[in-house]
Amino acid sequence: MLQSVGVEELHEDGILVEATAPPPGMGSFVLPGVGRELRAELEDSGRLATLGAMIADRPGGRVLGREGALLRYDLGPRDGRRLLRAVRAMGDLLFAAGAEEVLTGVPAAPRARTRREFTAALEGVTARQLHLSAFHPTGTVALGADPQVAPADPAGRLRGVHGVLIADASALPSCPEVNPQLSIMALALAVGEGAVRAAG
């Protein structure tokens, strides 16, 4: 996904709004409808402006199970409020830019043609009711010197398992509050080069 512009006005509150440009297939999950209705939406996607909001959420995930893994992520109340604030900000921004219609992310009221409709659609909505997605989860297998808090060592080697390197967003210590693509690429390069050097 390419970011062309960002709004940092809410950054002190842990919210970064970005204009994104996902390919239609990747962005289709946010469009309302299925079947023919979804296809019509995709055929008209050339007129669609897409915004995304990044929040620096607090850790809330767990991996459960012995035989099979069950991943669980619980969004904290503070982070839920941030998400709703970000959704409101994105709607305001789109209408200010001249949008004729805004997709709300609320399944019960997926479209709004005015700011008033948009505000009404979000009235009483919780973050749990939004159509959400997440990218670049960070900090799940952080690199570090202290084995009590870092599952992987500073070179990216997963502790207790031979031959496993951690070189993705999970290696970052926490959410960097900006798009982490460059950080992920730099970290992957450093871990990869270190592994090549160590192999001799």
Item to complete: Could you note down all residue pairs passing side-chain hydrogen bond (donor to acceptor under 3.5 Å, both in side chains) where residues 187-200 supplies at least one of them, sequence neighbours left out?
Response: none
Worksheet item: Quick one: side chain to side chain donor-acceptor pair (under 3.5 Å) partners of Arg72, sequence neighbours excluded?
Response: Asp74
Discussion item. Could you work out, with side-chain contact (heavy atoms from CB on, under 4.5 Å) as the rule, every residue matching Ala121, not counting sequence neighbours?
Written reply: Thr104, Ala109
Worksheet item: Using a side-chain heavy atom cutoff under 4.5 Å and only I, L, V, M, F, W and Y, what cluster partners does Leu16 have?
Response: Met54
Worksheet entry | Which atom of Val87 lies closest to which atom of Phe118, heavy atoms considered | O-CZ, 3.4 Å
Worksheet item: Around atom CG of Leu70, are there more than 12 heavy atoms of other residues, nucleotides or ligands at under 6.0 Å?
Response: yes
Worksheet item: Listed by chain and number, what are the side-chain contact (heavy atoms from CB on, under 4.5 Å) partners of Thr114, not counting sequence neighbours?
Response: Arg116, Glu117
Item to complete: State, to 0.1 Å, how close Ala155 and Val191 come at their nearest heavy-atom pair, and which atoms those are.
Response: O-CG1, 3.7 Å
Worksheet item: What residues form a salt bridge (Lys or Arg N to Asp or Glu O under 4.0 Å) with Glu123, not counting sequence neighbours?
Response: none
Practice prompt. Could you tell me whether the side chain of Leu165 reaches within less than 4.5 Å of the side chain of Arg157, counting heavy atoms only?
Written response: yes
Discussion item. Holding to side-chain contact (heavy atoms from CB on, under 4.5 Å), I want the full list of residues that pass it with Leu10, two or more places apart in sequence or in another chain.
Written reply: Asp13, Ile15, Arg85, Ala89
Worksheet item: Mind checking what makes side chain to side chain donor-acceptor pair (under 3.5 Å) contact with Thr50, not counting sequence neighbours?
Response: none
Could you pull out all donor-acceptor pairs under 3.5 Å where a side-chain atom in residues 29-42 meets a protein atom, sequence neighbours excluded?
from	atom 1	to	atom 2	distance (Å)
Arg39	NE	Glu43	OE2	3.0
Glu41	OE2	Arg111	NH1	3.1
Glu41	OE2	Arg111	NH2	2.1

Considering only distance and modelled atom types, tabulate donor-acceptor pairs under 3.5 Å from the side chains of residues 140-151, sequence neighbours left out.
from	atom 1	to	atom 2	distance (Å)
Asp146	OD1	Gln148	N	2.9

Fill in: Those residues that, when tested against Ile184, pass side-chain contact (heavy atoms from CB on, under 4.5 Å) (two or more places apart)
His136, Ala169, Leu172, Pro180
Worksheet item: Can you name the salt bridge (Lys or Arg N to Asp or Glu O under 4.0 Å) partners of Arg113, sequence neighbours left out?
Response: Glu101
